[in-house]
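The block underneath contains the structure these notes are about, expressed in structure tokens.
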Protein chains: 2
Amino acid sequence: MSTPGFSEQTSALLSQASLACSRRGTQLTELRRKVLGLVLDSDRPAGAYDLLDRLRAHHKGAAPPTVYRALDFLLEQGLIHKVERLSAFVGCIHRHADDHDHPHAAQFLICTRCGRVTEIEDGGVNRALVQAARQGGFRLARATVEAEGVCAACAAMPAGASAGA
Amino acid sequence: MSTPGFSEQTSALLSQASLACSRRGTQLTELRRKVLGLVLDSDRPAGAYDLLDRLRAHHKGAAPPTVYRALDFLLEQGLIHKVERLSAFVGCIHRHADDHDHPHAAQFLICTRCGRVTEIEDGGVNRALVQAARQGGFRLARATVEAEGVCAACAAMPAGASAGA
DNA sequence: CCGCCACTGCTACGTTATAACCTGAACGAG
DNA sequence: CTCGTTCAGGTTATAACGTAGCAGTGGCGG
């Protein structure tokens with residue numbers, strides 16, 4: 001039971017993340033671990049101030065920079081992504097392969113009904129993007145794809161309803 | 001010389017935009033025209049408050065909602081795009097075809113050296129995206145692709161320099 | 001004349017993000 | 001050991017981005 005209060009799955013991911021960090025010579029401190037846990041435990045994208053509120057339950061004195069610094073670290077480590085359209089954060093689904101070198105495009109499907117975000121990893125999109133950039137002489141560093149629409153679960157519901165809580 | 005103070009090219013685009021709006025039964029009012037002109041005349045993405053400052057020069061009493069309402073209108077009309085990563089706005093390059101129906105993905109190449117943003121229109125990326133969404137049963141409504149990197153002009157410069165002003 | 005609608009003015013506020021400065025712990029070099 | 005350095009985090013304040021809500025005005029159809 002590493003950090004109590006998180007689901008089994010989240011705890012497992014936290015352990016992986018911790019390992020990945022130490023392999024890279026960075027540390028997943030207790031604070032960063034808590035923030036990462038909060039992000040992973042949420043089934044929706046989490047806003048920085050939501051995280052801050054939740055963090056305060058177990059970490060009195062937390063302020064905006066507390067959360068933002070942790071989030072910056074987690075972003076650098078590739079453990080989370082930011083969904084720009086929502087100003088919110090989600091866990092990264094990728095195995096934390098150490099091939100940190102050649103960047104993949106983060107791709108999100110954002111459901112406007114239920115608010116859930118699914119990260120996908122589509123090679124076709126990636127390849128198309130790399131080629132399009134090259135065509136314009138653009139040196140691609142990283143990219144994000146954010147698609148809005150209705151997820152399969154919500155599309156199956158009567159209009160007006162939304163899947164999940 | 002419709003609205004003075006804008007470049008030839010911008011004025012031409014404004015005329016087109018005006019026509020496109022009236023064809024759709026909406027109006028490009030003087031205020032909206034000015035805001036659109038400011039966006040088009042800028043060679044970098046323009047933040048809402050930048051626009052507000054510039055707008056105030058010729059339009060006293062402008063407040064945040066003044067600009068945001070105009071921007072919302074222009075976004076709805078497809079005359080501008082928002083670059084989420086920058087919280088800033090750029091003119092849309094597309095001919096304002098009236099096939100407003102099936103949405104294209106806005107695709108941006110953002111240069112981290114000079115700050116310029118190039119909109120591209122890559123069919124491959126679009127197709128890959130549509131297919132990826134369909135594969136997950138996701139009903140795609142709209143999407144944006146934001147790629148960061150170094151543009152051709154900046155890549156040709158000595159490191160540390162940036163192309164353009 | 002009246003009510004409706006689209007547009008704008010204006011005040012205030014909510015939300016998101018960062019600057020700047022300080023403390024303390026860990027650690028290697030001299 | 002003790003100094004400098006680096007990294008993590010605390011604390012205060014403020015910048016930057018965005019919206020709610022209400023009031024006024026002017027056109028236009030009934």
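These figures come from a predicted structure and were not determined experimentally. Naming: A, B, ... by sequence-line order, numbering from 1 per chain.
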>> Output one letter per nucleotide in nucleotides 11-30 of chain D: B when a protein non-hydrogen atom lies under 4.0 Å from the base, S when only the sugar-phosphate is that close, - when neither is.
In response: BB----BBBBB---------
> Contacts to DNA chain D from residues 106-117 of chain B, heavy-atom cutoff under 4.0 Å, which residues?
Replying inline: none
> Who are the side-chain contact (heavy atoms from CB on, under 4.5 Å) partners of B:Asp50, not counting sequence neighbours?
Replying inline: B:Arg54
Return a table of donor-acceptor pairs under 3.5 angstrom between the side chains of residues 65-75 of chain A and protein atoms on other chains or two or more places apart.
unit_1: A:Thr66; atom_1: OG1; unit_2: A:Ala63; atom_2: N; d: 3.0
unit_1: A:Thr66; atom_1: OG1; unit_2: A:Ala63; atom_2: O; d: 3.1

>> Side chains of A:Thr10 and A:Ser7 only: does a donor on one sit below 3.5 Å from an acceptor on the other?
In response: yes
> Whole Å only: how far is the CZ atom of B:Arg56 from the P atom of C:dC10?
Replying inline: 11 Å
> Atom CG of B:Leu52 and atom P of C:dC10: how far apart are they, to the nearest Å?
Replying inline: 13 Å
> Can you list every salt bridge (charged side-chain N to carboxylate O under 4.0 Å, His left out) pair that touches residues 115-133 of chain A, not counting sequence neighbours?
Replying inline: A:Asp43-A:Arg116
>> According to ring pair (Phe, Tyr, Trp, His ring centres under 6.0 Å), does anything in residues 13-59 of chain A pair up with another residue at least two apart or in another chain? List the pairs.
In response: none
> Starting at CD of A:Gln27 and ending at C1' of C:dC27, how long is that distance when rounded to a whole Å?
Replying inline: 12 Å
>> Restricting to side-chain contact (heavy atoms from CB on, under 4.5 Å), what partner residues turn up for B:Ser87, sequence neighbours left out?
In response: none
> Taking atom P of D:dC7 as reference, at what distance in whole Å does atom CD of A:Glu76 sit?
Replying inline: 11 Å
Donor-acceptor contacts under 3.5 Å from residues 143-163 of chain B side chains, at least two apart:
unit_1: B:Glu146; atom_1: OE1; unit_2: B:Arg85; atom_2: N; d: 3.0
unit_1: B:Glu146; atom_1: OE2; unit_2: B:Glu84; atom_2: N; d: 2.8
unit_1: B:Glu148; atom_1: OE1; unit_2: A:Arg142; atom_2: NH1; d: 2.2
unit_1: B:Glu148; atom_1: OE2; unit_2: B:Arg85; atom_2: NE; d: 2.9
unit_1: B:Glu148; atom_1: OE2; unit_2: B:Arg85; atom_2: NH2; d: 3.1

>> Would you say B:His59 places a side-chain N or O within less than 4.0 Å of OP1 or OP2 belonging to C:dT8?
In response: no
> Tell me: CG of A:Asp53 to C1' of C:dT16, nearest whole Å?
Replying inline: 13 Å
> Can you tell me how far P of C:dA6 sits from CZ of B:Arg32, to the nearest Å?
Replying inline: 11 Å
> B:Leu31 has an atom CG; how far is it from atom C1' of C:dC10, in whole Å?
Replying inline: 14 Å
>> Between A:Gln77 and A:Thr26, does the side-chain hydrogen bond (donor to acceptor under 3.5 Å, both in side chains) criterion hold? Intermediate values first, please.
In response: CA-CA 9 Å; A:Gln77 299 299 311; A:Thr26 62; 3.3 Å; yes
> Which residue pairs satisfy the ring pair (Phe, Tyr, Trp, His ring centres under 6.0 Å) criterion with at least one member in residues 129-165 of chain B, sequence neighbours excluded?
Replying inline: none
> To the nearest angstrom, how far is B:Leu28 atom CG from C:dA6 atom P?
Replying inline: 17 Å
